[in-house]
Amino acid sequence: MYVCNCNGVTRAEVDEAIAAGAGQPEHVLAHHGCEPCCGRCLPEIADGIACGGMARIGSLVAAE
Ligand code: FES
């Protein structure tokens, strides 16, 4: 599933960048050689960073 449609960056690729130390949405895209275009994905990526990864967002929502 794509998080960033402009650059074709998937949830797994976002998690990979977060695990590698990306602390800003722009750093997540840069990790994959991309940069923001429309910027619509940036809040979702920021949520992923805050939760420690995109995979954790789903588990946190399911736990509520
Ligand atoms: S969806 Fe990521 S920059 Fe447009």
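Whatever order the structure lists them in is the order used to number ligands and atoms, beginning at 1.
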Undergrad: Show, in sequence, the C-alpha distance, side-chain angles and deciding distance for Val28 and Ile45, and conclude whether the side chain to side chain contact (heavy atoms under 4.5 Å, CB included) test is met.
TA: CA-CA 8 Å; Val28 168; Ile45 295 174; 3.8 Å; yes
Undergrad: Please output the side-chain donor-acceptor pairs of residues 12-22 that fall under 3.5 Å, not counting sequence neighbours, one pair per line with the distance.
TA:
residue : atom : partner : partner atom : Å
Glu13   : OE1  : Thr10   : N            : 2.9
Glu13   : OE1  : Thr10   : OG1          : 3.4
Asp15   : OD1  : Met54   : N            : 2.3
Asp15   : OD2  : Ala55   : N            : 3.2

Undergrad: Which residues pass the side chain to side chain contact (heavy atoms under 4.5 Å, CB included) test with Asp47, sequence neighbours left out?
TA: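 In terms of side chain to side chain contact (heavy atoms under 4.5 Å, CB included), with neighbours along the sequence ignored, Asp47 is linked to Ile57.
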Undergrad: Is a donor on one side and an acceptor on the other found under 3.5 Å between the side chain of Asn7 and the backbone of Glu35?
TA: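 Yes, Asn7 side chain to Glu35 backbone: donor-acceptor pair under 3.5 Å.
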Undergrad: Find the distance between SG (Cys34) and CG (Leu29) and round it off to the nearest 0.5 Å.
TA: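 Taking SG in Cys34 and CG in Leu29, the distance rounds to 6.0 Å.
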Undergrad: Closer than 2.8 Å to atom 2 (Fe) of ligand 1: how many protein N, O or S atoms are there?
TA: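 Of the protein's nitrogen, oxygen and sulfur atoms, 2 lie under 2.8 Å from atom 2 (Fe) of ligand 1.
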Undergrad: Taking only residues two or more places apart in sequence, or in another chain, which ones meet Cys37 in a side chain to side chain contact (heavy atoms under 4.5 Å, CB included)?
TA: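 With neighbours one apart ignored, the set is Cys6.
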